[in-house]
Amino acid sequence: MSGYNVKGVVLSFGVGLAAGAYMVARSNKKEKPDPAKKAEQHLWKVAEYSLTSGLIRVCDELQLYDALWESGPSTAAELAQKMNCSERWLTEILSQATAAGICVYFFGKFCLKPEYAHLLRDPKKAPRSMQGLFEMVYCMLDRRSATVESIKSGLGVDYDYEKSDISAAIDRKNSNWFENKLEDDVLKNVKAPKSEKSLVDMLEAGIQVADIGCGFGASTVQMAKRFPKSHFCAFEASQKALLKIKERVEAAGLTNVTVCNVLEKSLAEGSSSGGKFDFIYVHDVIHDMTEPKKFLKEAKKGLSPDGCMVVVDIACSDNLKENIARPDAAGMYGFSCFLCLACSTSKKGGAGLGTCGFPESVARKWTGDEGFEFFEVLEIESLPSNVAYVVA
Ligand SMILES: C[S@@+](CC[C@H](N)C(=O)[O-])C[C@H]1O[C@@H](n2cnc3c(N)ncnc32)[C@H](O)[C@@H]1O
């Protein structure tokens with residue numbers, strides 16, 4: 001090979017390499033996602049999910065999922081006749097539900113996917129229904145103007161904020177859990193630390209119980225029915241909820257429940273028979289309280305020496321970065337801005353804990369400061385976002 005040829009081969013090899021590198025770089029550049037484009041697509045998805053969630057509420061109000069599930073695969077015309085609704089509108093809303101992955105469409109018929117049916121039917125018919133959660137979301141969105149004002153002033157609104165019936169939505173979300181899981185997943189796992197007695201045995205034998213911040217009273221009514229020898233004091237701060245608990249207790253014909261307005265009766269004053277409480281149950285309340293430390297002080301005074309308190313709260317960290325990194329963090333802080341932080345700042349000087357404000361380290365420290373000597377953490381299988389602290 002002549003020198004010229006060697007040079008030529010080396011040169012063309014070099015050019016080839018450079019061209020290849022250029023092509024690779026170009027194609028890499030093409031494939032690299034544009035952050036602005038990605039952000040735009042992300043926000044489109046967020047808006048799309050919001051529309052889907054709004055239409056899930058619309059379907060719930062129409063009881064459309066129940067009707068579709070009960071009829072099986074149906075044309076819009078068949079459903080329109082069954083539900084006495086507009087065929088044109090049903091076609092549109094079911095097309096949206098199909099595009100959103102909730103329904104399928106084949107041979108001109110719509111069908112609710114079975115794996116969605118038990119999550120979207122009326123909670124009265126489907127114990128694992130998530131409709132209460134969607135109802136909560138819409139009550140929370142009703143609080144937008146209040147949230148704007150709170151962010152400016154620092155002062156939140158409580159559960160009675162007039163525009164929303166948030167307590168009714170929470171009750172719809174949680175009632176089935178109290179009915180089907182409270183005993184098996186929490187009560188059965190608790191032993192009173194001093195006596196070593198099982199909590200369920202104590203409840204069966206008859207003890208004094210305080211159910212703090214029980215909302216519409218689903219937990220109180222469930223326990224009062226199940227343990228008729230025990231007496232229950234249902235403590236609430238919401239005036240709307242207090243009325244509803246009274247109504248429920250009367251409707252169920254329960255004689256072992258006293259409804260207590262926290263503005264009128266303190267926990268430290270003890271049970272309706274004068275003695276102390278043997279069991280205090282606090283489900284998803286402490287992080288909402290304006291004065292959680294005052295509550296813990298009262299709980300210590302009001303709890304019998306052999307009794308125990310069970311606090312169910314959010315399983316979270318005391319480290320903001322860790323909490324933000326949770327896969328459900330946008331939801332957690334969303335609940336907080338519209339509800340938990342709002343309630344815990346609803347009075348001037350309110351503690352302002354918010355949804356992730358009562359992690360284990362804080363719970364241990366604050367209960368220890370009030371003189372509680374025993375602290376145990378229980379996982380709750382059916383509520384992985386929550387945790388139970390047994391305190392005595
Ligand atoms: C998230 S809801 C939980 C309701 C119910 N325990 C449940 O899990 O379905 C919190 C409730 O705590 C009540 N609450 C807030 N501060 C309270 C206080 N200091 N004493 C009693 N109830 C309180 C609110 O009115 C609201 O009904």
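The structure displayed is predicted, hence computed values, not measured ones. Note that ligands are numbered from 1 as they come in the structure, with each ligand's atoms numbered from 1 the same way.
- Ligand 1 lies under 4.0 Å from heavy atoms of Y159, I170, N174, F178, G213, C214, G215, E236, A237, S238, V262, H283, D284, V285, D288, M289.
- With hydrogens and angles left out, the side-chain atoms of H287 and D313 include a donor and acceptor closer than 3.5 Å.
- A salt bridge links K125 with E70: at least one charged nitrogen is closer than 4.0 Å to a carboxylate oxygen.
- Take A342 and apply the side-chain contact (heavy atoms from CB on, under 4.5 Å) test, not counting sequence neighbours, and it matches R143, V157.
- Screening residues 345-358 for side-chain hydrogen bond (donor to acceptor under 3.5 Å, both in side chains), with sequence neighbours left out, gives S336-T355.
- The cationic atom of K240 (NZ for Lys, CZ for Arg) does not lie both less than 6.0 Å from the six-membered ring centre of Y159 and within 45° of the ring axis.
- Take S382 and apply the side-chain hydrogen bond (donor to acceptor under 3.5 Å, both in side chains) test, not counting sequence neighbours, and it matches W177, D185.
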